[in-house]
Amino acid sequence: MLDSFETSGLGWFWSTDADGKLTYLSENAIRQIGRKSEEIIGCDFSDLCEPDEGDESDDGRKPRPIAFLLRSRNSISKLTVRITDAEEPVWWQIAGKPQFDAKGRFCGYRGSAKDHTEAREREREASRLAQYDPLTGLSNRLRIKSRLTAKLSSYRNTKRSCSLIMLGLDRFKHVNDTLGHQAGDELLKQVAKRLSRLVDDKGEVARLGSDEFLVILPDMDDRGELADLANQIIQMLSQPYSVNGMRAIVGVSVGIASAPYDGVDTDEIIKAADLALNAAKDVRASYRFYSSELKDGVKRRRQIEEDLRDALVHGQLQMHYQPIVDAETKKLKCLEALMRWEHPERGMVSPALFIPVAEDIGLIKQMGEWALEEACRQALEWPQELRVAVNVSAIQFMDEDFPQKVERALLNTGIAPRRVELEITESVFMGDQTQAQRTFAELKALGVRLALDDFGTGYSSLSYLRNAPFDKIKIDQSFVRGSTDADNNNSAIIASIVSLAAALKMETVAEGVETKDELELVTKLGASSLQGRLFSFAITHEELMERIAGGDLTYEAQGPDRYRADRRTEYRRIGLVHDDHRYSVVLRNLSKTGALIEGLMDVPVGTDVVLDLGGGQLAVATVRRSMGISQGVEFETPLISDGAEGLCTRHRVSPYQIEAAGRPLASLPDDPYAVLRGNGDDATMQIKPRAFRQVAGIASSARAA
């Protein structure tokens, strides 16, 4: 009966001695291997086969070697192994039990085996279809969540961290709508390849669905490194794609969250990354770290969506104007119209918040049409030599009837077309090139001027400048800001843009001029016009008319002499730790390299302190200036951008430290330092007397503010 079983091909038998050497193997099994019986019988069973590497667990652990399993003397059941020396790829599924003699001495294994080659291929294909995205070949949502769950569970035991980068493509829907879904699929494949190449062995990439991707980054929680990687992703994925012979461009927004800081389980950390991504999408082509404030941001966005629909009807929108002056004479040449929203309850709402929302809910066309006509109407009251520049979103521009709307605004207001400039970003070239060129031609036929806004910020390609009839190129403020620093190439980039514009007989405007050394540089490099806070902020139409009435159309540079690291004005209460004491102080301003604080007396220069900036952010600093109740401190490690025009520390208090102090492991509380030091009770920690005097009233006034 056993002979019949072996010869039928249903299965085979094997046995080993106590040393793991084969003492028996079915003849048909030997024949499949393609070797002689005397070459196999007597060899180590562990040399004959090895566990299938494809059977790794969700957390990436490989199966145990055969030699280990035999030494452990445990039963083996349904283990898939690869035959190492077979002429063609062969896999078996084996089972076996340890054998003992009458005296309980181990005497080897006896087991069964069967050919598993075809079944394995079917299983792997089914597994691949279930766990991998069929379009890109990346892990799908199901697989990446399973692997993330296993990693987080394992990492909790070893006190390791893990970060997530969640990213979504900006304007991907526009590619689908203009180039077709087949082109959209091809673009997603190219995005997946670029992203996988960039991440390489630092982590694992998955496609969550539609235009969203997820990257798992084990053992990475340095927010400086995460920000660098996020910027690289944004830059690489924003480069043009060749799709079915056409050129397509998308942007990318990135959300970042780290476990256990922002969440300790899979759902919590994915939700944190998703909230960060949604916040980044409000700005576009940017990254955001998760913070507890983002939960409130979701509610604010919903409120903005609801209120924005009524803002136009109730006259809450208004136009402000920022001067653009001649680089040589500093005389006013043009004014850029900027939309502002004054909410009846919340006051001025930032355009960075409501413009992306308007684009998402389809209101931007109506708002843009109103802005163009309102700016033209108000510009009629200005001197005839002044032009008005109006921003046009890519969504507006791609409307086939956009030139007709511009013509209607000119006719309704009666303004001369030569006085109207339309500022258009490079993103308009990501869609239908033929339609874009037709729109340009129709606009030029109307007599309006065209300006290329934010030149060089991610969508640049010299090819479209050959045909697009621009009158002006605006050099983005990111190149102007810090252009006098020796450690960047901004000045060379500005010089190249100016030379290119001159060759194409176009004017240039240097945006974001804020300091006198920047003014000197961009003027020396040949920019024809200047715009920035050094001359004026955006002002209301009424304020502009007062200046015009006074005949004062020349602007003097008013601002700092030199560029310095961005210093944010703050007024909030923070903690200062010195020796074993925590003081309440007021943070007045903050930059990457230092801060100004108030609230302490008798603080000597050179004193080392720690600023508790909140959210587990502790910054080691040294007092460099001390004047009465004010101290200027310099950080030991510079802060980094938080992706939202703010600053943050590279590292935070670890939740594992809080767990070691006797608390359950959880994401960071609002004041983790207070938890570590026993809820802020100084009496439990006092070893030395207080070195500084606390100024009464300072902290409370900041709290009230």
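Judged purely by distance below 3.5 Å, without hydrogens or angles, the side chains of Trp12 and Gln32 never pair a donor atom with an acceptor atom. Arg247 and Tyr241 are not linked by any side-chain donor-acceptor pair at a separation below 3.5 angstrom, with hydrogens and angles left out of the test. A donor atom on one side chain and an acceptor atom on the other are found under 3.5 Å apart for Thr622 and Asp608. Judged by distance alone, the side chains of Gln131 and Ser139 never bring a donor and an acceptor atom under 3.5 Å apart. Counted by atom type alone, Ser491 and Ser483 present zero donor-acceptor pairs between their side chains at under 3.5 Å. With no hydrogens or angles considered, no side-chain donor-acceptor pair links Gln182 and Glu186 at under 3.5 Å. Judged purely by distance below 3.5 Å, without hydrogens or angles, the side chains of Ser46 and Asp44 never pair a donor atom with an acceptor atom.
Atom NZ of Lys21 sits about 13.5 Å away from atom CZ of Phe45, to the nearest 0.5 Å. Atoms CH2 and CG, on Trp14 and Leu22 in that order, are 8.0 Å from each other to the nearest 0.5 Å. For the atom pair CD1 (Ile165) and CG (Leu214), the distance works out to 9.5 Å, reported to the nearest 0.5 Å. Taking CG of Leu277 as the start and OH of Tyr290 as the end, the distance is 14.0 Å to the nearest 0.5 Å. Interatomic distance, Ile493 CD1 to Phe455 CZ, rounded to the nearest 0.5 Å: 10.5 Å. Of the inter-residue distances, the one linking Leu217 atom CG with Leu164 atom CG reads 8.0 Å to the nearest 0.5 angstrom.
A donor-acceptor pair under 3.5 Å links the side-chain atoms of Ser591 to the main chain of Gly594, judged by distance alone. Remark: the backbone N or O of Met236 is paired with a side-chain donor or acceptor of Arg194 at under 3.5 angstrom. Checked by atom type and distance alone, the side chain of Glu121 never pairs as donor or acceptor with a backbone atom of Glu118 at under 3.5 Å. At distances below 3.5 Å, not a single donor-acceptor pair connects side-chain atoms of Asp612 with backbone N or O atoms of Gly575. Side chain of Glu659 to main chain of Ala666: no donor-acceptor pair is present (N/O by atom type, distance under 3.5 Å, no hydrogens or angles).
Nearest approach of Thr649 to His651, heavy atoms of both residues: OG1-O, 2.7 Å. Shortest non-hydrogen contact noted between Cys162 and Leu148 is SG-CD1, 4.3 Å. Smallest separation of non-hydrogen atoms from Leu226 and Ser258: CD1-OG, 3.7 Å. In plain terms, the two heavy atoms of Asp47 and Thr84 that are nearest each other are O-OG1, 2.8 Å. What you find for Ala95 and Ser77 is that their closest heavy atoms are CB-CA, 4.3 Å. Residues Leu167 and Ile233 approach most closely at CD2-CG2, 4.0 Å, considering heavy atoms.
Counting heavy atoms of neighbouring residues, nucleotides and ligands inside a 6.0 Å radius, atom NZ of Lys193 does not exceed 12 of them. Environment of CG in Asn244: crowded, with over 12 heavy atoms of neighbouring residues, nucleotides or ligands closer than 6.0 Å. At most 12 heavy atoms of other shown residues, nucleotides or ligands fall within 6.0 angstrom of atom NZ in Lys114.
Checked options Thr593, Val620, Leu647, Leu611; the residue passing with Phe635 is Leu611 (criterion: side chain to side chain contact (heavy atoms under 4.5 Å, CB included)).
The pair Arg481-Glu511 fails the salt-bridge criterion, with no side-chain N (NZ, NE, NH1 or NH2) lying under 4.0 Å from an Asp/Glu carboxylate O. Under the 4.0 Å criterion applied to side-chain N and carboxylate O atoms, Asp221 and Arg160 are not assigned as salt-bridge partners. Salt bridge absent: Arg650 and Glu225 never bring a charged side-chain N and a carboxylate O closer than 4.0 Å. A salt bridge links Asp267 and Lys145; the closest N-O separation between the charged side-chain nitrogens and carboxylate oxygens is under 4.0 Å.
By the 6.0 Å and 45° rule, Arg156 does not stack over the aromatic ring of Tyr656. Both tests hold for Arg120 against Trp91: distance to the six-membered ring centre under 6.0 Å, angle to the ring axis within 45°. Geometrically, Arg71 does not engage Phe68 in a cation-pi contact defined by less than 6.0 Å to the ring centre and at most 45° from the axis.
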- Message: side-chain contact (heavy atoms from CB on, under 4.5 Å), that's the test. Do Lys202 and Leu229 meet it? Break it down for me.
- Response: CA-CA 10 Å; Lys202 291 190 288 289; Leu229 181 57; 4.3 Å; yes
- Message: Set out, in order, the CA-CA distance, both residues' side-chain angles and the distance that settles salt bridge (Lys or Arg N to Asp or Glu O under 4.0 Å) for Glu212 and Lys281, then state yes or no.
- Response: CA-CA 12 Å; Glu212 287 192 348; Lys281 284 182 175 180; 3.5 Å; yes
- Stepwise, does the side chain to side chain donor-acceptor pair (under 3.5 Å) test hold for Arg663 with Gln657? CA-CA 9 Å; Arg663 297 296 183 97; Gln657 293 176 270; over 6 Å; no
- Stepwise side chain to side chain donor-acceptor pair (under 3.5 Å) check, Asp454 with Thr425: CA-CA 6 Å; Asp454 300 337; Thr425 63; over 6 Å; no
- Assess whether side-chain contact (heavy atoms from CB on, under 4.5 Å) is satisfied between Ile144 and Glu204, documenting all intermediate values. CA-CA 9 Å; Ile144 203 68; Glu204 182 175 354; 3.9 Å; yes
